[in-house]
2 protein chains.
Amino acid sequence: MKKKTPPERSPWYETPPPAGSYRALFKWGAPDEYKHPSDRLVALMRETFGLGDGDLAEPPDLGLDLIPDDRPPGLEARHLAWFEELVGEENLGRDTYSRLATSYGKTMIDLLRLRHRIVEHLPDLVVHPRGREDVVAIVAHCHTHRIPVYVFGGGSSVTRGTECVKGGITLDMRTHMNRVLEIGEVNQTVRCEPGIYGPALEAIINSASRTHQTAHDYTCGHFPQSFEFSCVGGWVVTRGAGQNSTSYGKIEHLVLCQEYVTPRDILRTTAHPARATGPDIDQILMGSEGAFGVLVSVTLKIFRHTPDTRQRFSFVFRSWPEALAAYREVMQSECGRPSVFRLSDPEETAVGFKLYGIEGTTIDRIMSVRGYKPQERCLLLGSADGHKRYAKLVAKNVKAVCGRHGAMNATSYGVKMWEHGRYRDPYLRDALGDHGILIDTLECAVNWEQLPDVHTTVGAYLKRRPGTIAMTHISHAYPQGCNLYFIFIARMELGEFIPFHAGLVETIISSGAALSHHHGIGKMLAPWLPRSLGAEGMALLKALKAHFDPHGIMNPGGTLALDLDDGDPPPAP
Amino acid sequence: MKKKTPPERSPWYETPPPAGSYRALFKWGAPDEYKHPSDRLVALMRETFGLGDGDLAEPPDLGLDLIPDDRPPGLEARHLAWFEELVGEENLGRDTYSRLATSYGKTMIDLLRLRHRIVEHLPDLVVHPRGREDVVAIVAHCHTHRIPVYVFGGGSSVTRGTECVKGGITLDMRTHMNRVLEIGEVNQTVRCEPGIYGPALEAIINSASRTHQTAHDYTCGHFPQSFEFSCVGGWVVTRGAGQNSTSYGKIEHLVLCQEYVTPRDILRTTAHPARATGPDIDQILMGSEGAFGVLVSVTLKIFRHTPDTRQRFSFVFRSWPEALAAYREVMQSECGRPSVFRLSDPEETAVGFKLYGIEGTTIDRIMSVRGYKPQERCLLLGSADGHKRYAKLVAKNVKAVCGRHGAMNATSYGVKMWEHGRYRDPYLRDALGDHGILIDTLECAVNWEQLPDVHTTVGAYLKRRPGTIAMTHISHAYPQGCNLYFIFIARMELGEFIPFHAGLVETIISSGAALSHHHGIGKMLAPWLPRSLGAEGMALLKALKAHFDPHGIMNPGGTLALDLDDGDPPPAP
């Protein structure tokens with residue numbers, strides 16, 4: 001172990017932000033939690049960004065000042081009165097902070113705007129519906145009076161999904177519509193309201209045998225990085241994916257049926273495991289991102305909760321092509337599927353080895369001598385869930401396949417570390433952001449054939465910018481392909497970020513990848529959606545929009561590019 | 001073994017039907033193949049139907065006479081000329097027989113109409129498009145001139161899916177558009193045209209290692225009972241399921257991307273394994289049953305072809321509830337999935353045991369003594385595919401679960417017999433039909449909670465009719481539910497069949513089941529679709545129809561109930 005030099009004075013801010021401050025909004029997660037970069041990451045950044053001693057001293061601006069309450073709602077008094085009459089004053093939010101808090105999400109642009117005190121695109125009113133009937137009345141009223149309706153859940157969108165570009169109202173689903181309505185043991189399902197957070201849902205079904213007298217305990221199988229601070233409704237309407245999706249599936253594989261309140265009427269699908277009754281209506285509603293209607297309840301498939309059967313593994317490959325070949329082989333070998341299954345490219349592996357203190361150690365030298373060289377080697381880690389025998393079989397198959405592709409076994413230690421910190425990385429954004437350093441991600445989906453080219457092309461784009469740490473991993477796999485998750489860390493101002501980010505999206509879409517694997521489209525990626533879907537695909541989405549929401553009141557202002565050609569350019573900060 | 005009395009003279013007709021005859025159309029499959037009822041089935045029918053000696057003598061009417069060529073096409077001469085100009089006379093079918101042959105399918109109503117010489121709903125012209133460009137030109141021409149367009153593949157529809165209710169033209173996709181376009185080894189996909197038959201596709205990918213120098217041979221994993229005489233296009237647009245769907249999935253799980261020619265334009269989806277780019281367009285097109293456009297190519301996911309790894313099993317349970325509990329447990333135990341997985345109810349088990357000569361034997365008596373009693377016991381049979389270790393694990397788990405639910409192991413013999421005859425049952429319809437006996441099926445999808453009630457209610461409906469053999473099995477399973485497949489055998493005339501069949505559908509839909517699991521809707525089930533989907537679901541389908549096909553030329557006359565309220569009652573014979 002190297003000796004650490006104790007920092008003279010921590011440049012990292014740990015105090016919970018003042019209520020009502022800019023920081024309270026841009027900070028991730030729990031007010032009193034944080035994650036600071038390790039000394040090794042600091043060293044890497046100093047080296048890559050060419051930072052001087054003064055660059056990581058006291059943060060210049062922490063955003064601790066309060067957001068002024070200076071934006072009176074633009075909604076007509078008669079409508080304000082109508083909402084007050086319906087839900088009561090206690091279920092309305094009129095002040096600037098509350099309204100901004102349910103408009104911005106966690107897109108990098110949101111964080112940067114808040115650090116720059118740019119307050120825009122507020123809803124006129126936040127409404128906390130007490131249940132389905134409130135939503136029905138509200139959507140009908142807004143439809144009649146052409147009032148924009150937005151929907152807010154956990155607010156973890158990284159695509160400007162919830163931003164109230166056109167004012168109007170936003171529905172905060174977390175306050176009341178956050179209940180588990182039914183656990184169906186025979187069908188192995190849970191029916192819940194959209195505003196329930198991941199941990200609340202998981203806690204209830206994890207203990208179903210005690211609280212609901214079921215024969216088993218259950219898990220939802222859906223664990224996105226935002227798990228602790230995202231809601232079921234957001235998972236569904238954006239087509240999210242959890243980190244264990246390789247065995248459990250994306251959310252669209254986990255939904256059995258749903259109910260939406262649309263400006264037209266209520267649309268409810270039936271709880272059947274499969275159908276041949278025309279187009280799949282559930283698959284039309286999932287991914288609608290609030291542009292067709294409001295999700296008011298959803299029935300999810302659930303799984304037996306068997307944490308003790310988990311099998312963990314990690315392997316290091318000599319090269320990216322060998323690692324890809326093994327990764328694909330696992331998915332095509334018809335021998336079950338891992339649950340978590342993550343492959344880091346050489347850059348991400350190098351950064352990881354550096355941050356975990358492996359670089360420069362004896363282990364590192366032994367690996368190099370054996371041909372697992374820095375900037376070439378790749379780290380695979382994952383786990384298998386399910387029946388004990390099944391999980392063991394999957395892990396055994398992974399081991400055999402990796403062995404055939406020249407990998408060395410790297411034990412289960414790294415997986416446990418990864419599991420321990422799996423939800424904590426977003427806190428790092430705040431610490432780095434305090435010093436003008438951005439860490440941002442973008443993801444896409446590819447088939448195996450296009451993967452190498454997309455990876456190379458997008459990586460080259462990121463690396464072309466001097467002083468940029470760029471890395472990529474795969475975290476969701478299928479027999480026909482996978483996602484690609486790009487991460488970059490750079491010292492960058494808002495003015496540079498916007499075109500750099502646009503160029504990145506442009507590179508992804510030009511390379512032939514699908515524009516999004518699980519983050520959705522929102523207003524951020526909307527300008528590229530027509531190219532991703534083609535003119536006819538886009539026309540189809542617009543026909544659906546016209547059907548469900550003829551007055552264009554649902555999540556207007558760019559969502560899914562549905563109203564981009566109505567004279568509204570995508571909103572830009 | 002009982003002694004068989006040799007029949008004096010076989011009442012079963014074996015001669016290939018004359019070309020151009022009614023029989024040539026209603027007969028299933030290959031002209032020179034047939035399946036006659038065994039002596040034991042004959043005995044059962046004699047008993048159940050109270051048949052006298054004369055009832056199964058010479059068939060009264062075999063439909064050997066030729067269909068008269070007496071229906072001149074109603075299409076205007078200028079249009080006939082246009083089609084001739086486009087594809088050449090050799091690619092047109094103008095005679096009555098050719099036109100009827102590409103309108104009727106294999107719905108019981110089709111067979112009965114042909115036996116009664118009811119010739120109706122002919123297209124004016126059969127067109128054999130030579131490729132995608134012909135389809136583009138044809139759909140554009142028909143759109144402009146409001147000419148109905150139907151699409152014909154294998155013609156195995158059991159829902160009146162291809163019937164040309166409104167005249168116009170039908171496209172016979174088998175003649176030219178029947179090629180494998182590409183085998184994508186890295187992506188593990190095959191791209192093909194819609195008119196390719198199951199065996200042709202399977203033969204090509206089964207031998208890919210020799211013919212395409214791939215590392216593996218592949219299988220499509222999709223084996224409906226109609227496999228030998230159905231086409232890929234029909235599988236896709238009706239949301240079909242193969243008998244091995246419990247592991248491989250229904251066709252909608254097997255499609256990676258597609259291309260359709262619609263009256264609007266061409267709609268092509270992209271070859272990505274997953275997406276979060278709005279509603280799933282593939283899932284809108286699948287199940288469209290020719291009402292939105294013409295499928296011109298499809299990319300299917302394929303699987304390693306490993307016939308040697310198959311594990312077969314069968315078990316007998318003491319009761320239907322015990323069998324159901326075990327069946328569900330296998331699907332929920334997170335230990336992989338069987339490929340074929342079929343559970344017969346007590347009635348089907350009893351008929352099966354009778355037909356296979358088990359009834360009355362020593363084995364039968366031993367089973368009864370051990371508590372596996374006739375009319376109570378249930379037969380489960382199936383197999384597991386995939387990696388050798390995976391298949392073994394799945395079979396081992398099935399065995400353990402069945403053991404815990406009191407089942408006795410019935411070896412793999414029955415499964416092999418079932419596999420051997422898996423595509424042959426449809427031939428039996430013809431032999432029985434020659435004697436006025438109908439064997440027909442209807443299927444639906446249920447979740448586990450509703451299953452017992454749907455099974456009881458529908459079974460009671462069938463058994464209420466005197467002289468009816470009724471039985472049920474489950475053949476496609478999911479963690480949340482399964483299909484139910486109802487079979488009835490009865491001596492019944494067309495006049496009785498129509499209301500009896502309607503009552504059966506009515507009973508299924510009233511019981512809460514999904515109207516169809518894998519047969520699609522066609523024109524037969526269309527009148528019930530609005531109740532199955534609800535008013536808003538139906539309105540959504542109509543909005544999609546209006547988008548793709550504003551003039552209503554694609555498969556008009558009832559398909560998916562899209563134009564049932566345009567003043568057109570569903571066509572009835």
Side-chain angles (χ1 to χ4, degrees), chain A residues 184 186-189 238-239 250 256 265-268 270-281 283-284 287-288 301 303-304 332-336 386-387 389-390 393 445 447-449 478-481 514-521 529 532-534 536-537 540-541 543-544 547 560, chain B residues 184 186-189 238-239 250 256 265-268 270-281 283-284 287-288 301 303-304 332-336 386-387 389-390 393 445 447-449 478-481 514-521 529 532-534 536-537 540-541 543-544 547 560:
Chain A
V186 175
N187 285 347
Q188 216 169 270
T189 53
T238 61
R239 293 185 167 263
K250 287 185 71 191
L256 187 67
D265 208 332
I266 293 164
L267 182 47
R268 200 181 295 121
T270 57
H272 295 119
R275 295 180 201 85
T277 56
D280 188 328
I281 294 175
Q283 295 285 349
I284 292 173
S288 59
K301 305 170 191 174
F303 306 86
R304 294 204 181 146
Q332 295 183 337
S333 57
E334 298 287 318
C335 197
H387 193 290
R389 288 203 196 93
Y390 176 85
L393 175 69
N447 61 48
W448 300 122
E449 278 179 13
Y478 310 86
Q480 275 65 42
L515 186 53
S516 173
H517 172 266
H518 63 273
H519 283 177
I521 297 299
L529 188 62
S532 191
L533 298 182
E536 278 304 296
L540 173 56
L541 262 51
L544 290 167
H547 171 73
L560 292 175
Chain B
V186 175
N187 284 348
Q188 216 169 269
T189 54
T238 62
R239 295 184 166 262
K250 287 185 71 190
L256 187 67
D265 209 331
I266 293 165
L267 182 47
R268 198 181 296 121
T270 57
H272 296 119
R275 294 179 202 85
T277 56
D280 188 329
I281 295 175
Q283 295 285 348
I284 292 172
S288 59
K301 306 169 190 174
F303 306 86
R304 293 204 182 147
Q332 295 183 337
S333 58
E334 298 287 317
C335 196
H387 192 291
R389 288 203 197 93
Y390 176 84
L393 175 68
N447 61 47
W448 298 123
E449 277 179 15
Y478 310 86
Q480 275 65 41
L515 186 55
S516 174
H517 171 268
H518 62 273
H519 283 176
I521 297 298
L529 187 62
S532 191
L533 298 182
E536 278 303 295
L540 173 56
L541 262 50
L544 290 167
H547 172 74
L560 292 175

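Every chain is numbered from 1 and lettered A, B, ... according to where its sequence line falls, protein lines coming before strand lines.
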Distance, nearest 0.5 Å, that separates OG1 of T277(A) from NE2 of H517(B): 11.0 Å
Under 4.5 Å from any heavy atom of chain B - which part of L515(A): both
Contact summary for A445(A) and A274(B), nearest pair of heavy atoms: CB-O, 3.2 Å
Heavy-atom contact with chain B under 4.5 Å, split by part of I521(A): both
Considering all heavy atoms, the nearest I266(B)-E536(A) contact: O-CG, 3.2 Å
Heavy-atom contact with chain B under 4.5 Å, split by part of L256(A): side chain
Atom group of L544(A) that falls short of 4.5 Å from chain B, counting heavy atoms: side chain
Interface residue of largest heavy-atom contact number with chain B, from N187(A), D280(A), N447(A), under 4.5 Å: N187(A)
Under 4.5 Å from any heavy atom of chain B - which part of L560(A): side chain
For chain A, the option from G537(B), G287(B), A276(B), S288(B) that forms the most heavy-atom pairs under 4.5 Å: A276(B)
Chain A interface, residue from L541(B), T189(B), T270(B) that has the most non-hydrogen pairs under 4.5 Å: L541(B)
Proximity breakdown for K250(A) and chain B, heavy-atom pairs closer than 4.5 Å: side chain
Validation row: E334(B), Y390(A) side chains within 4.5 angstrom (heavy atoms): no
Top contributor to chain B contacts, counting heavy-atom pairs under 4.5 Å, from H272(A), R304(A), R389(A): H272(A)
Part of T238(A) within contact of chain B (heavy atom distance under 4.5 Å): backbone
Given Q332(A), E449(A), Q480(A), the one that forms side-chain contact (heavy atoms from CB on, under 4.5 Å) with V186(B): E449(A)
Max heavy-atom pair count under 4.5 Å with chain A, selected residue of G481(B), A543(B), P479(B), G278(B): G278(B)
Greatest number of heavy atom pairs closer than 4.5 Å to chain A - which of K301(B), H519(B), H518(B): K301(B)
Chain A contact via L540(B) - side chain, backbone, both or neither, heavy atoms under 4.5 Å: both
Part of L529(A) within contact of chain B (heavy atom distance under 4.5 Å): side chain
Between CG on residue L393(A) and CG on residue L393(B), distance to nearest 0.5 Å: 5.5 Å
Choice from A271(B), G184(B), A514(B) maximising heavy atom contacts with chain A below 4.5 Å: A514(B)
